[in-house]
Student: 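Pasting a structure here, questions to come.
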Amino acid sequence: MATTARLTLDPAFRIGPVEPRIFGSFVEHMGRCVYTGVFEPGHPLADADGFRTDVLELTRELGVTLVRYPGGNFVSNYRWEDGVGPVEDRPARLELAWRSLEGNSFGLNEFMAWAAKAGVEPMMALNLGTRGVAEALELVEYANYPGGTRLSDLRRAHGADRPHDVRLWCLGNELDGPWQMGHKTAGEYGRLAAETARALKRFDPGLSLVACGSSNSGMPTFGAWEAEVLEATYEMVDYVSLHAYYDPSDGDVDSFLASGADMEHMIRSIAATADHVGAKLRSDKKIRLSFDEWNVWYQSRFDGESSLEWTERPRLIEDSYDVTDAVVVGSLLITLLRNADRVGVACQAQLANVIAPIRTEPGGPAWRQTIFHPFALTARHARGEVLRVEPECAAIPTAKYGEAPAIWATATHDAATGELVLFVVNRDRDDACALEITLPEGLRPVEHVELTDDDLSAANSADFPDRVTPRPGAGLSQEGRQASLTLPPVSWSIVRFAPNSPQE
Ligand code: AHR
């Protein structure tokens, strides 16, 4: 039996512009994300720089706009100097975050060359774990100053003649977490972040800086950490970070399917915390949110860092994603769009192999995981302004989050083309949903694409790379301003409407 739901799409109900930077990803020196992921000299499809062209093509197809680098936990014990200069002179190091051997054949200049080929904006993270203001300033001078100083001339001697001009910098990573090298209290971190930000803004007031928020919403200091850190840094930073991973094997399936509702609660809590600090400081400034790590991660399958042997490019957390995971990833993207007025940056973690939409085999193929598809379609079709969409629908009881709406949706409207696009998830595990949509005048449906399957545990693999792909939805019809369609149980859909004529 089908449930029913209805919603109204109206270009007058604007939340904010679609921020291209929310379609970010993350390349960390972890497992096989860099080595045999994006970078594999000697691979049959590697280019002259050793970059896998199959992965570059998939990255462009995914629609990634920005990539955070080089960590993650990795950055908190990283010396950026180890990764520049002649490769034969670069040291091998013990990498403590993931107990791996780091050969440093890929570093800052390789990443910038890769980012240019992928057509993405770089977002760099600074080590504020084991290092401080001086090393951060040195890295920024090396990366961004045109030339004529020791560090900028060193970069030029290393073959990067033009400055990289990185605009977006993270002031460390997850420093509230006791697992982090150089873990700090909020007071210690706030002071270090403030002094680093002050120095970086002296170097270039136009840099955008991200203060570390909590590692996840389950941290005992969630909210309090952000308040203390922002009190110390408010006028010097532009963003505060949020991280969230949703584990399909942790709890009931309905809670997992409602992950987007939890992400929205987190976004609104941190926005409120930032605004509270702004009010206390009598500041007109609004801090934006950088959701710079988010994804589905089967965390309960990971035995922890201490269990790892010292090896190079270990197969670390190479989760294989099924149909339900893809629906949840689609709903997390809907959540990011629904909060377009606050979320200015977002990065799915990570890009290749490590909890990633792209998988590779060393010397072998690359393929799209199920979660690749909602990301690629959302990044391709979300344009213009995000619209407020509030479906009238059933509620589903969940063990973790109480009642969650069965239908989770957002929409975008592109004034330039007149196209209106609905992104919608049916979380119901038992029933399809007959969805009624009230449209503005003069629109016609052009496409309904859905991601679902009779077997929700189906996944893609090297042998069956296209087992799960988006397919045309059935039954989209329209009468006047009313459109209707059926959303299968546990499905993610995109529905596009275009003007009847270019004039309308
Ligand atoms: O993305 C994997 C890890 O998750 C990152 O290194 C860390 O920042 C987070 O805890």
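Keep in mind that what you see is a predicted model, and the values were worked out from it rather than measured. Whatever order the structure lists ligands and atoms in, that order sets their numbers, starting from 1.
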Student: Heavy-atom distances under 4.0 Å are what count here, so tell me which part of Ile317 touches ligand 1: side chain, backbone, both or neither.
Tutor: neither
Student: Looking at atom 10 (O) of ligand 1, what's its closest protein heavy atom, distance included?
Tutor: Glu174 OE1, 2.7 Å
Student: N/O of Trp297 under 3.5 Å from N/O of ligand 1, yes or no?
Tutor: no
Student: Given 3.5 Å as the limit, does a donor-acceptor pair link the side chain of Thr370 with the main chain of Asp325, or not?
Tutor: no
Student: For ligand 1, which atoms, with element, lie under 4.0 Å from some heavy atom of Trp98?
Tutor: 3 (C), 6 (O)
Student: Answer with side chain, backbone, both or neither: which part of Phe302 has a heavy atom less than 4.0 angstrom from an atom of ligand 1?
Tutor: neither
Student: Return yes when atom CZ of Phe203 has more than 12 non-hydrogen atoms of other residues, nucleotides or ligands closer than 6.0 Å, and no otherwise.
Tutor: yes
Student: Flag this pair as yes if the NZ/CZ of Arg427 is under 6.0 angstrom from the six-membered ring centre of Trp492 and inside a 45 degree cone about the axis; otherwise no.
Tutor: no
Student: What class does the angle between the rings of Phe106 and Phe51 fall in, given that below 30° is parallel, 30 to 60° is tilted and above 60° is perpendicular?
Tutor: perpendicular
Student: Is there a side-chain contact between Ser100 and Glu312 in this structure, where contact means two heavy atoms from C-beta onward sitting under 4.5 Å apart?
Tutor: no
Student: Can you list the ligand 1 atoms lying under 4.0 Å from a non-hydrogen atom of Asn173?
Tutor: 8 (O)
Student: Would you say the rings of Tyr246 and Trp294 are close, in the sense that their centroids are separated by under 6.0 Å?
Tutor: no
Student: Within the 4.0 Å heavy-atom shell around Tyr245, which atoms of ligand 1 are there?
Tutor: 1 (O), 2 (C), 4 (O)
Student: Is there a donor-acceptor pair closer than 3.5 Å between any side-chain N or O of Asp247 and the backbone N or O of Ser300?
Tutor: yes
Student: Using a 3.5 Å distance criterion without hydrogens, assess whether the side chain of Ser208 forms a donor-acceptor pair with backbone atoms of Leu168.
Tutor: no
Student: Geometry only, no angles: is Trp179 polar-contacting ligand 1 at N/O separations under 3.5 Å?
Tutor: no
Student: For atom 4 (O) of ligand 1, what is the closest protein heavy atom, and at what distance to 0.1 Å?
Tutor: Glu293 OE1, 3.2 Å
Student: Judging by distance only, is a nitrogen or oxygen of His243 under 3.5 angstrom from one on ligand 1?
Tutor: no
Student: Does the pair Arg93/Asp82 count as a salt bridge with the N-to-O cut at 4.0 Å?
Tutor: yes
Student: Starting from atom 2 (C) of ligand 1, find the nearest protein heavy-atom neighbour and note its residue, name and distance.
Tutor: Gln350 NE2, 3.5 Å
Student: Taking heavy atoms and a distance under 4.0 Å, where does Phe26 meet ligand 1: side chain, backbone, both or neither?
Tutor: side chain
Student: Quick one: nearest non-hydrogen protein atom to atom 6 (O) of ligand 1, plus distance?
Tutor: Glu28 OE1, 2.6 Å
Student: For atom 7 (C) of ligand 1, which protein heavy atom lies nearest, and how many Å away is it?
Tutor: Asn73 OD1, 3.2 Å
